Each structure stands twice: as structure tokens, then as C-alpha cells.
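Note that the coordinates shown come from a computational prediction; the quantities given were computed from them, not determined experimentally. Heavy atoms only: backbone and side chains are in, while hydrogens, waters and symmetry mates are out.
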Amino acid sequence: MFCDTGVVRLLAIGAVLLAVVFSAAPAAAQSPAATCEAPLELTGDGRAGSLPLEKGVYTISLADSSRLNCDTARERLRGFLASGDAPLPEPWTVDRATATFTRGETGASGKASFTVRPQTPAADAAAGGGSFLDDLENFALIWLPVIFMGLIAVVLILTLRYMPRTKPQEITPASSESIGWGDVAGVEEAKDELREVVEFLRDPERFRALGATVPKGILLHGPPGTGKTLLAKAVAHESNAKFFAQSASSFVEMFAGLGAARIRRLFRMARKQAPAIVFIDELDAVGATRGNDISGEKDQTLNQLLVELDGFGGGDNLVVIAASNLIDKLDPALLRPGRFDRQIFVTPPDLKGRKQILTVHTAGKPLADDVDLELVARQTSGLTGADLANICNEAAIFAGRDRRGHILTRDFEAALERVVAGMQSRRVITDHEKRLVAYHEAGHALCSELLPSVEKVHRISIIPRGQALGYTLNLPEEDRYLKTKEELMDLLVVLLGGRVTEHLIFGQITTGASDDLKRVHEISRAMVTDYGMGTNLQSKQLPAGDYSMSDATRRMIDEEQQFIADQAHRRAQQMVGAHRPLLEHFARTLLDNEVLERDDIERLVAEHEGAQPAALRLEPLLEGNGRVGG
């Protein structure tokens, strides 16, 4: 049953509300006041004490039917009429204004009263409509609350009935969606870790004989697009286990208790199909640190997930695999051993991994003889497996658009340009703006080529792409994971080269350097607060959210950051001013061709500056005796 606990709970609430309302409705209808059904007809004029009554039909209304019934009131009125204008017998009195006969004094225990009113003829009732409006008012007062509460109960039941059902996705090993180890490339370390789980699910007796148990939970974390979901599917396929996949966001609902019920249902289905693998994608949607949710629904759902991770009851053939991009936000209770025993960091692929990924995604695609996948892999440093798959697909689309039967190298270059820089825009810019963009990009390229530690320029373009009017594409020649202070300073010089060139050539600055300035701020701030690369702040890290930091320290951080940015700005000014001929040649060639490739850039630099020194690398310092210093 879907959400059985929530449905039963809401049905019970609706039944109680309806019972209360319906029990109150008859009570409202059985008031002590009542109108006698049988009227009293007078064949002539008469008097009842001091109250004159004309010929006609009269209706008798009782104030309290428990103390006086209709028959008694009718006989009393006949007796009063028979006595004429004689005073009424005690303790009866009559009020001429309201035609009300009362027995006893106010507050007496036996007090009773009835009122006499002439009955309205049918013609007058149709003309006036007073009786119909009275009946409608009485009906509304009695039954509208009942109808309203009934509608509320119906809406709640229908909401649960037609709420989207998030049934877990089941993928069998033989299905078209199954993925093997050969379909997952570039994450060899993660595959090695998961192969042990596969071996356990395939042959659990071999491990049980040694007293080993399968890890209850495996957490895959890392940047988006690195292949975490593919790894989970590969484990399901290779182990011949049932695979149940569900996103953590489907557990979160506006109704309390539904998320916990869905988690119980997911694990109940998986246990029935054991050996099985439960895969929860985007775990941070429900696994964030508890105490920050106002409604408490996410905390309740997380508590149920923690219980299910602990409550396998000896069922060693059930493995939970989760994926998250934000492991820092997960609750510590999720990360402890016994719940997620293994935490596997899935990193972006290196050069060898990128080549393997390109090989996997180009299988079945007709490649031309000039396509070098290793060269493409070198040009895509830092990209994830999803980016590489997109590049292969975009290259095939470019070839199909040109009606060619093979994918060429230029298709991969165009695809890389589209993925990294964005789609080509058809915006038309003025000649002045075109010259300004050309000099701006020439300034970036000049600083990149003259600084040996910076990644070399692969392409310069003044064709608008995405939100940029032009771009300089720098591609690394190798995978690197550490940067020195000098390398970061050179990068700041390159970023400020465009703004410096604008001011040098045109005598003014524009908004075109907004993204460059944003990156300068981020890098210079990180150099001071995260990497300890300032002048005075070198021995500790200073997080931005540390509220215990003094005002003097914050002022020192700002001064250090400003000093680094100003130093890079001065270096950019000196470099651009000292190599003005090369800058002009870059800009003129760009205005003529709109795009400069790597060969063109090397030719122009060689004409003006000659051969450039090789890129500097971080080498160990040697002492006087030639040994590495400790």
C-alpha cells in the first residue's frame, strides 16, 4: 500500500471531524423551541383576555416544548377565547405586543409560554418570500458547517489519492539500462574499491567463512559528472543483484511522515529481493545536518533512514550505495562506521582516464584517421566524464550537421570550444566594440605567452560565445594539482592584462573585465585566507565565516589582498607597455581573422620575442652537498 500510515492517519482525522459535526447538527435542530404543526382556526373575531384576535388561521409556537406541549397550548388558547375579555386565570399573563401567553413569573421553575401568530396565506407567502428565506437561512445555519467540514475531509483524501507515487526504479542486470565495468572508465580507484562488494555479493559464503560481513553502506562523493551513478549501476550489473534507485529529494514532502514511509517501503522492497542494492542519489537532499529544518519533516525522514541502515537484522545481502556532491553538509550520524562504512572520493579523470573515457564514448562512432584521442585528452584537463561524453556527442552532431560520414578533428575542437566557452552567439557588435574586445583578448594572450608558469593559449577569438564577447582559451599541457605563490601571481597578471590593455590603448576602462575582476578577487582572497600566502599572515588559515576573528585581523586580510592585487596590476602594466608591438600585432591579426589558433600565436611570438623559456616547475631545493634539504 502507498503511504499506508499517512492515509490511515488522515482518514481517522476526517472521520472524527465528521462525527463531531454530524453529532452537533441534530443538537442544533432539536432546540427546546418548536412550532406546532396543527394550526388553530377561528371562525370569527374573538378576544383572549386583553389580546384581540381576528378571524383566520393561527400558528402556535412554543418557547420550551419540554414544559408545554402543543395540545395543552391549543386547549389553553381555546379556553382563553371562550372567556372573552375576562382576565386570564392566574398564573397566566399575555403580552399584546408579541401575542405571547406566559405561565408563571420569570425564573420560576414551571414557567412556560407560547406565541400566537396569524398564518400567512399562500398568495402572500409567494409574493413576500419571507418563509422561503427563513427556511433557507435555517438550512444554511445548520448544514453549511457540516458540508464545509465534509469538503475538507474529501480534499485531504483526494490529495493523498492522487499524489505522485515515487516508486523506486528497479534495474535488472539484463535490462537495457544495465552498465558493466567496461562502460565505466577513468575511475579505476573507485572501481577497485567496489569490486570487493561485487565479489561478496557473488560469493558471500567465501567471506562468511572468514567472519567477514559486507559493508552496509558505501558513500560515493565528488564533483558532479564524475560517474558516481554509473559506478552504482555497474556494481548492480556485475554482482547480478537487484538494483533499486531513488532520488533523496523524492522522500521530502509537505505532509509529515510521508518521507519516512517511503524509506520504509524502499527498504522493504529491497529486502524481499535480496541480494539487492539500494542506491540513493543526491543524499544531501535528505541527509543534511539535523536541526536546521523548521518543519521537522527532513529530520524525521533522516531518522528513519538511520534506523533502516542499522536495522538490517542480519541480512548481509543488502548494500546501500549513496551519492552526494556536498559531503560537508551531511549529518555526522550518517558518516560513522556501521552505516556508511566506506567513503569513496570519485575524482575527475587524469590524462589516461580521459583517453579511456573518450574511447568508451566514441565506440560505435565513425572517426576519421586524423582524430587523435590522446591529443583531445590533453586538451581537456580538468573536465569530468560527463563533459567528455558531451564533447563526443557534440562532435558527432557537428559532423551530422555538415552531412559527413566521419567525425573529424575539427569537430572535436568545435565541440570542446562549445562545451568550455559556450554556444556561439549571433549578436552584432559595433566596430569600436570589436576593436576594444580584440585588444582586451590580446592583452590576456600576451601575458599568458610571456609568463612561463601560465597555461599556454590554445585559441583567441573575438566571436561572441555565451555571455562573453570574446575569449582566450588556455589549456594545460599536463595534469597538475599544486600551484606555487608565483604561479598564482602570474595568473592574476594574466587576468588583469585585458583591463590594463583597455586603459593603455583607449584611455578608459569598460565593463568587459567584470569576470576577470571577480576571479582576481577570489584568487587573491584565497591566497591570504586559505593558503597563507600573504606577507604577514603565513602561519594560519582564516575562514571567512570565522566570527571570532578580530577587526584588526580582518583589516589586515583586506590590506594583504589589496597589496597582492595591486602588485599583479603593476606587473601587468609593465609587461603590456614593454611589449606594445606584439600587442598591436595580436590585435590587428585578430581583427582580420577573428580567431587565432596555437600555430598563429607561436608564429607571432617568435617574430617579436624569439623562443620563450620552458615552463618552470616546482623542484626540490638542494643543499650545498647536493642532497635534498629537510
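- Classification of Asp516 and Arg519 as a salt-bridged pair fails, no side-chain N sitting under 4.0 Å from a carboxylate O.
- Under 3.5 Å, the side chains of Glu308 and Gln304 contain a donor-acceptor pair of N or O atoms.
- When the shell of 6.0 Å around CG of Asp203 is examined, it contains more than 12 heavy atoms from other residues, nucleotides or ligands.
- Under a 3.5 Å cut-off, the side chain of Lys485 and the backbone N or O of Met533 do form a donor-acceptor pair.
- More than 12 heavy-atom neighbours from other residues, nucleotides or ligands sit within 6.0 angstrom of CZ on Phe345.
- No side-chain donor-acceptor contact under 3.5 Å links Glu238 to the backbone of Arg195.
- Using modelled atom types, one finds a donor on one side chain and an acceptor on the other under 3.5 Å when comparing Gln561 with Ser524.
- Between the OG1 atom of Thr409 and the CG atom of Leu367 there is a distance of 9.0 Å, given to the nearest 0.5 Å.
- A salt bridge between Lys233 and Asp183 is absent, with no side-chain N of the basic residue lying under 4.0 Å from a carboxylate O of the acidic one.
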Pair Phe207, Glu199 - check side-chain contact (heavy atoms from CB on, under 4.5 Å), show working.
CA-CA 9 Å; Phe207 292 90; Glu199 291 295 327; 4.2 Å; yes
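- Within the 4.5 Å cutoff, no side-chain heavy atoms of Phe243 are placed close to those of Val235.
- The distance from atom CD of Gln300 to atom CG of Leu302, rounded to the nearest 0.5 Å, is 11.0 Å.
- Formation of a donor-acceptor pair under 3.5 Å by the Glu282 side chain with backbone atoms of Ser247 is not found in this model.
- Between Gln379 and Phe412, the closest side-chain pair of non-hydrogen atoms is not below 4.5 Å.
- A donor-acceptor contact shorter than 3.5 Å links the side chain of Arg598 to the backbone of Val457.
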Yes or no on side-chain contact (heavy atoms from CB on, under 4.5 Å) for Arg418 and Phe398, after CA distance, side-chain angles and deciding distance?
CA-CA 11 Å; Arg418 178 165 186 168; Phe398 280 119; 4.2 Å; yes
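- Taking a cutoff of 4.0 Å between a charged side-chain nitrogen and a carboxylate oxygen, Arg208 and Glu205 qualify as a salt bridge.
- Taking 4.5 Å as the limit, every side-chain heavy atom of Glu374 sits out of range of all side-chain heavy atoms of Leu358.
- What you find for Asp411 and His406 is that their closest heavy atoms are OD2-O, 4.1 Å.
- In this structure, the side chains of Leu334 and Leu306 come closer than 4.5 Å at one or more pairs of heavy atoms.
- Of the possible polar contacts, none joining the Ser324 side chain to the Leu283 backbone as a donor-acceptor pair under 3.5 Å is found.
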The test is side-chain contact (heavy atoms from CB on, under 4.5 Å); show your working for Leu408 and Asp402 and say whether it passes.
CA-CA 11 Å; Leu408 305 177; Asp402 294 341; over 6 Å; no
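- The shortest distance between side-chain heavy atoms of Phe340 and Val320 falls below 4.5 Å.
- The structure places CG of Asn390 at 10.0 Å from NE2 of His361, a figure rounded to the nearest 0.5 Å.
- Not one N or O on the side chain of Arg342 forms a donor-acceptor pair closer than 3.5 Å with the backbone of Ile218.
- A distance-only check finds no donor-acceptor pair linking the side chain of Thr362 to the backbone of Lys365 [under 3.5 Å].
- Contact record, Arg339 with Ala333: NH1-O, 3.0 Å, taken as the closest heavy-atom pair.
- Using a 4.5 Å heavy-atom cutoff, the side chains of Gln273 and Phe244 are in contact.
- With His444 contributing its side chain and Val494 its backbone, the two residues share a donor-acceptor pair below 3.5 Å.
- Smallest separation of non-hydrogen atoms from Gly186 and Gln356: N-OE1, 3.6 Å.
- Remark: Glu602 does not engage Lys456 in a salt bridge, criterion side-chain N to carboxylate O under 4.0 Å.
- No donor-acceptor pair under 3.5 Å is formed between the side chain of Asp192 and the backbone N or O of Glu189.
- Taking the side chain as every heavy atom from C-beta outward, Leu416 and Leu383 approach each other to under 4.5 Å.
- Between Ser448 atom OG and Leu473 atom CG the span is 10.5 Å, to the nearest 0.5 Å.
- Rounding to the nearest 0.5 Å gives a distance of 4.5 Å between CD1 of Ile321 and CD1 of Ile277.
- The two atoms that bring Ala445 and Ile460 nearest to each other are CB-CD1, 3.2 Å, heavy atoms only.
- Among Asp387, Thr384, Asn325, the single residue meeting the side-chain contact (heavy atoms from CB on, under 4.5 Å) criterion with Pro224 is Asn325.
- Across every non-hydrogen atom of Val278 and Leu266, the tightest pair is CG1-CD2, 3.7 Å.
- To the nearest 0.5 Å, atom CZ of residue Arg262 and atom CG of residue Leu305 are 15.0 Å apart.
- With respect to the salt-bridge test (charged N to carboxylate O, under 4.0 angstrom), the residues Glu455 and Arg378 do not qualify.
- Side-chain atoms of Lys191 come within 3.5 Å of backbone N or O of Trp181 as a donor-acceptor pair.
- Closest approach of Leu318 and Ala270 over heavy atoms only: CD1-CB, 3.6 Å.
- No side-chain heavy atom of Glu441 sits under 4.5 Å from any side-chain heavy atom of Ser461.
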